[in-house]
Structures are given as C-alpha cells and as structure tokens.
Visitor: 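Okay, handing you the structure first.
Just so you know, ligand 1 is whichever comes first in the structure, and atom 1 is the first atom listed for that ligand.
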Amino acid sequence: MIPYGRQSISESDIQEVIKALRSPFITQGPRVATFENALADYCGSKHAIAVSSGTAALHVACIALDLGPGDWLWTVPITFVASANCGLSCGASVDFVDIHPQTHTMDPDALAAKLEIAARADRLPKVVVPVHLTGRSCDMVPIHRLAGEYGFAILEDACHAIGASYGDTTVGSCAHSNMAVFSFHPVKLVTTGEGGAITTNDDEAAARLRRLREHGYTRESPEDGEASEPWHYRLIELGYNYRITDLQAALGTSQMQRLDEFVARRNELADRYRELLSGLPLRTPPPVESGRSAYHLFVVHLEDTAHLGRREAFRALREAGIGVQVHYIPVHTQPLYRELGFRAGDFPQAEAYYANAITLPLFHGMTDAEQDEVVSTLRRILA
Ligand SMILES: *Cc1c(COP(=O)(O)O)cnc(C)c1O
C-alpha cells in the first residue's frame, strides 16, 4: 500500500534523539528552547512555545485569547475536528464560516456577511480560526481587516502549513494574526512523534502560554515584594501538563533543518501530479498565486462527468494498493455538533467539497515511480 502520508526520518534525526537520550534531561531541558528558537527563526515570529500536540496548542491558545463561556469561536467545517473542539474545551460556543469554492479555505466574503448578521444579533466571535487546509494559506489580508473592524482575535490553524508562505510572509510569522498553531504529528511535514507549537509576537501571551503548558504555575516573584524562596512557585491559573519532551524537541530541531527540502519535494510532486493527471475527470488544487503551499495534502475532486462516484473510486484505489484518504468530513455534520443544532445543508460549499474529495498519496519520500503507479491506477479506474 502506498500511504497517503508518511514521515521522513533521517540518520541524523536518529542521532540527535540518541544524544538527547544520553543527556541529563529527557523532558523540558535545553532542547525544548532550541527547538522553539528554530521554529521562531524559521517563521519570523518573536516567540514559539512548543507543547505536546497541535490539539494542546489550540487549547492553550484559546485560553490565552481569553475564550470562555458566553464567547463564540468560529472556524471552517472542512478541517480536523480539533480546530473547532478547542472552542468547546474552553466552554465557548462554536460556529462555522463556509469555505471558498476554489481555494477551499475560509471565504472572506462569507465571513464578512456572517459578521454583519452577528453584529446585529450581538453575537460576534471572540476568536476566529482560519485553517490553512492542505498547506495553502488562507487569504489573510481581508480576514485581518475584518478582525480590526469587528474586534475578534485571529488564531491561525497552521497545522498543515509549516514551511508555507503567504505573499512575502512566512506562515507562522503572525503578520496577519494574534497566534498560529502547528502540529508535529507524523503525517504532518515536520514530526516530533506527537507535538505542537504556538507562534506569536505578543510577549504577554507567550508568557501565559508557557505557564499554561505547565499547570499554570510560575516561578517569578510576586510583585507585592513578598519574600521569595528558591523552592517557591505560585499557581496562578488552571493549566495542564502539555509539555513536550527533550527527545521530541531533538527530533523536531533536526527535522526543521530539512523543512525547506521537504516543502521543495512536495511542491515538485504536486506539479508532477497536475501534469500527469491532466485530461482525467478530476479537478486538481489551484496553484498558489502569491506565496507557496507546503502541500501537506494533495486533494483532488472527482468531476460529475466521471463514470463512477467517489465511493467506488475510493474503494477501487484502496483495493489496488493506493492508500487514498478523505480530508475531511464536515465537522458540523459530526454527531457531537449535530447535538448542538447543526444540520446537513448548513454550509453548502463545505458539503459540496466533501462530496467528491479524494486525498492522493503525497509525502517527502515518495518516489516518482510510486507517483506514476498512483496515476496509472487512477487512469485505469477512471477509463
Ligand atoms: C493535525 C491537526 C490538528 C491537531 O494536531 P495534533 O498534533 O494531531 O493534535 C489540528 N488541526 C489540523 C488542521 C490538523 O491537521
């Protein structure tokens, strides 16, 4: 089976983890700070805070943006469930903005229209989570402009998009947002096994995020001048154990050195797919006009003119050893969200996207021959 995604672990990645294992620290030692510096340097953000997963990163980011009961978080229906669940984890309410039919990311016009209605009902969101689906940045300039107009915070879900750029800004620089969140799960571009991070340019938010990842305590002296002993720490707010280990950070730092190589190969494979798939009843993702996609995923859409539907094509591909996937089932149609009142039909563009989407294999170590096999299998099935 050719998988849809697979990590790339080099010999030097392995050596770095072994060095960490032999060091005095195996969690929250110096390698975590080194990894964070590598992330911040790459993204061009002032701070990076590494945590135990992308989901944990979204959770603490929402807390640091003061999201709580009575507040609204908006995201898109076509995403991994964690982009929406972080709102529920904070006790907030969640709503969705439909996607743009061509870019498949948050539609700024749909957002503007929804904000206008929400303003009248006094139900404006506190946090909006645009998702850089498949590694392609959302159109951040109009979203950022709306944030200024309506006063919400922007939390970028950049879990697919490490190494991507938008115009001349690097995703994660937070040039158009308050914070950006990454995941280092093995199917993502850079892996630490499990892991995540938040980037931000906000000093106060960064300090709070560091505190939240370690139970909410601080070792800083109280401001009232009370004597502070070397063993003192003070619990300030409810936090979590969302630490990343030094072993993971060692792997992450080593992987970051290979990121540009990862993105370059993925772009090469994406260009090759576009060329090889031309003439088939499939829509390939539109190329990025300004900036570059990280190509975490390569999603194609089966045209109505194809002689078989998505279900049949998916089954035939799997049977032929092609590990296709579907990203994603619209979040608002999941049972948990139906219980909250959402219904099929609520977000027509998202549902149309989902109806005929298939994710083709794409990963750093994929050979041209493997890609040729995916294409020839597709040609045979769609002939
Ligand atoms: C992977 C992913 C997450 C969650 O990251 P984990 O590290 O698996 O917790 C969140 N959002 C999106 C869009 C993702 O793809």
Visitor: Name all residues meeting the side-chain contact (heavy atoms from CB on, under 4.5 Å) criterion together with Leu308; count only those two or more places apart in sequence or in a different chain, and write none if there are none.
Guide: Glu312, Ala313, Ile381, Leu382
Visitor: For atom 11 (N) of ligand 1, which protein heavy atom lies nearest, and how many Å away is it?
Guide: Asp157 OD2, 2.8 Å
Visitor: If you count the atoms of ligand 1 from 1 in the order shown, which ones are under 4.0 Å from a heavy atom of Thr79?
Guide: 13 (C)
Visitor: Going by atom type alone, with no hydrogens or angles, which donor-acceptor pairs under 3.5 Å involve a side-chain atom of residues 60-74 and a protein atom two or more places apart or on another chain?
Guide:
unit_1: Asp66; atom_1: OD1; unit_2: Arg208; atom_2: NH1; d: 2.9
unit_1: Asp71; atom_1: OD2; unit_2: Gly68; atom_2: N; d: 2.9
unit_1: Asp71; atom_1: OD2; unit_2: Lys126; atom_2: NZ; d: 3.2

Visitor: Who's the nearest protein heavy-atom neighbour of atom 10 (C) of ligand 1, and how far?
Guide: Cys159 SG, 3.5 Å
Visitor: Please list, in number order, the atoms of ligand 1 under 4.0 Å from a heavy atom of Ser53.
Guide: 7 (O), 9 (O)
Visitor: Does ligand 1 have any atom sitting under 4.0 Å from a heavy atom of Ala56?
Guide: no
Visitor: At a 4.0 Å threshold, what atoms of ligand 1 neighbour a non-hydrogen atom of Thr55?
Guide: 4 (C), 5 (O), 6 (P), 9 (O)
Visitor: Can you list the ligand 1 atoms lying under 4.0 Å from a non-hydrogen atom of Gly54?
Guide: 5 (O), 6 (P), 7 (O), 9 (O)
Visitor: Which class fits the ring pair His301 and His104: parallel under 30°, tilted 30 to 60°, perpendicular over 60°?
Guide: tilted
Visitor: Checking a contact table here: which protein heavy atom is nearest atom 8 (O) of ligand 1, and how many Å away?
Guide: Ser183 OG, 4.0 Å
Visitor: Atom 3 (C) of ligand 1: which protein heavy atom is closest, and how many Å away?
Guide: Phe80 CD2, 3.5 Å
Visitor: Would you say the ring centroid of Phe152 lies under 6.0 angstrom from that of Tyr150?
Guide: no
Visitor: Do Leu21 and Val32 belong to the same hydrophobic cluster, where Ile, Leu, Val, Met, Phe, Trp and Tyr are linked whenever their side-chain heavy atoms lie under 4.5 Å apart, directly or via other members?
Guide: no
Visitor: Compute the centroid of each ring, for His160 and then for Phe80, and state whether the two points are separated by less than 6.0 Å.
Guide: no
Visitor: Hey, are Asp368 and Arg265 close enough for a salt bridge, meaning a charged N less than 4.0 Å from a carboxylate O?
Guide: yes
Visitor: Quick test of your reading of the structure: of His185, Lys188, His160, His59, whose heavy atom lies closest to atom 1 (C) of ligand 1?
Guide: Lys188
Visitor: Aromatic ring centroids of Phe262 and His364 under 6.0 Å?
Guide: yes
Visitor: With heavy atoms of Gly195 as the reference, note each atom of ligand 1 found under 4.0 Å away.
Guide: 7 (O)
Visitor: In terms of atom number and element, which parts of ligand 1 are under 4.0 angstrom from non-hydrogen atoms of Tyr328?
Guide: 15 (O)
Visitor: Between ligand 1 and Phe182, can you find any atom pair, the residue atom being a heavy atom, that is separated by under 4.0 Å?
Guide: no
Visitor: Side chains of Thr200 and Lys46: does their closest heavy-atom pair fall under 4.5 Å?
Guide: no
